[in-house]
*Asks:* 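Handing you this structure, nothing more for now.
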Amino acid sequence: DRQQHRYTNDVIYCNSQLTARGIKQYISLDEECENILLLAEKKLILSHRAIHKIIKITRTIADIDQSDIIQKEHLLEALQYRSKQMFIHQ
């Protein structure tokens, strides 16, 4: 519902369909979240594609939490899913 409302004037209807341009248009991270993401990128050796997936998952977690603003907790939860996925595929 939140996603459908957000993308009413666009050709997409959910966060997973966002392109890199769409991420810049619809998703903003505060400075603390940006710093956490940069640290995760370096520590986990994440590609730009992986970072975009994490950001989209973070936006979805915030939507489930009924939050218009992405909070640190949303990003940390998304990073946990990514970390678990890395261990599963090894």
*Asks:* What distance separates Q80 CD from I57 CD1, expressed to the nearest 0.5 Å?
*Replies:* 12.5 Å
*Asks:* Can you name the side-chain contact (heavy atoms from CB on, under 4.5 Å) partners of I36, sequence neighbours left out?
*Replies:* E32, K72, L75, L76, L79
*Asks:* Just jot down the side-chain hydrogen bond (donor to acceptor under 3.5 Å, both in side chains) partners of D1, sequence neighbours excluded, or say none.
*Replies:* none
*Asks:* Return each pair, listed once, that meets salt bridge (Lys or Arg N to Asp or Glu O under 4.0 Å) where at least one residue sits in residues 43-57; pairs must be two or more places apart or across chains.
*Replies:* none
*Asks:* Please say yes or no: joined through hydrophobic side-chain contacts below 4.5 Å, possibly via intermediate residues, are L44 and I54 part of one cluster?
*Replies:* yes
*Asks:* Taking side-chain hydrogen bond (donor to acceptor under 3.5 Å, both in side chains) as the definition, give me every residue that meets it alongside D65, ordered by chain and number, with sequence neighbours left out.
*Replies:* H74
*Asks:* Which distance, rounded to the nearest 0.5 Å, do you find between the CD1 of I23 and the CZ of R59?
*Replies:* 12.0 Å
*Asks:* Should we count CD of E31 as having more than 12 external heavy atoms under 6.0 Å?
*Replies:* no
*Asks:* If you look only at pairs with a residue in residues 40-71, which of them pass as a ring-ring contact (aromatic ring centres under 6.0 Å, His included), with sequence neighbours excluded?
*Replies:* none
*Asks:* Quick one: pull up CZ in R2 and CG in D68 and give me the separation to the nearest 0.5 Å.
*Replies:* 4.5 Å
*Asks:* Indicate every side-chain donor-acceptor pair of residues 8-19 with a distance under 3.5 Å to a residue at least two apart or in another chain.
*Replies:*
residue : atom : partner : partner atom : Å
T8      : OG1  : Q4      : O            : 3.1
T8      : OG1  : H5      : O            : 2.8
D10     : OD2  : Y26     : OH           : 2.8
N15     : OD1  : R6      : NH1          : 3.2
N15     : OD1  : Y7      : OH           : 2.5
N15     : ND2  : T60     : OG1          : 3.0
N15     : ND2  : D63     : OD2          : 2.9
Q17     : OE1  : Y13     : N            : 2.8
Q17     : OE1  : C14     : N            : 3.3
T19     : OG1  : R21     : N            : 3.4
T19     : OG1  : G22     : N            : 3.1

*Asks:* Might you confirm whether atom CG of L39 has over 12 heavy atoms from other residues, nucleotides or ligands at distances under 6.0 Å?
*Replies:* yes
*Asks:* Could you list the residues that satisfy side-chain hydrogen bond (donor to acceptor under 3.5 Å, both in side chains) with E41, not counting sequence neighbours?
*Replies:* none
*Asks:* Using only atom types and a distance under 3.5 Å, with no angle test, would you say the side chain of S67 pairs donor to acceptor with the backbone of I70?
*Replies:* no
*Asks:* Rounded to the nearest 0.5 Å, how far apart are CG of L46 and CG of L37?
*Replies:* 7.5 Å
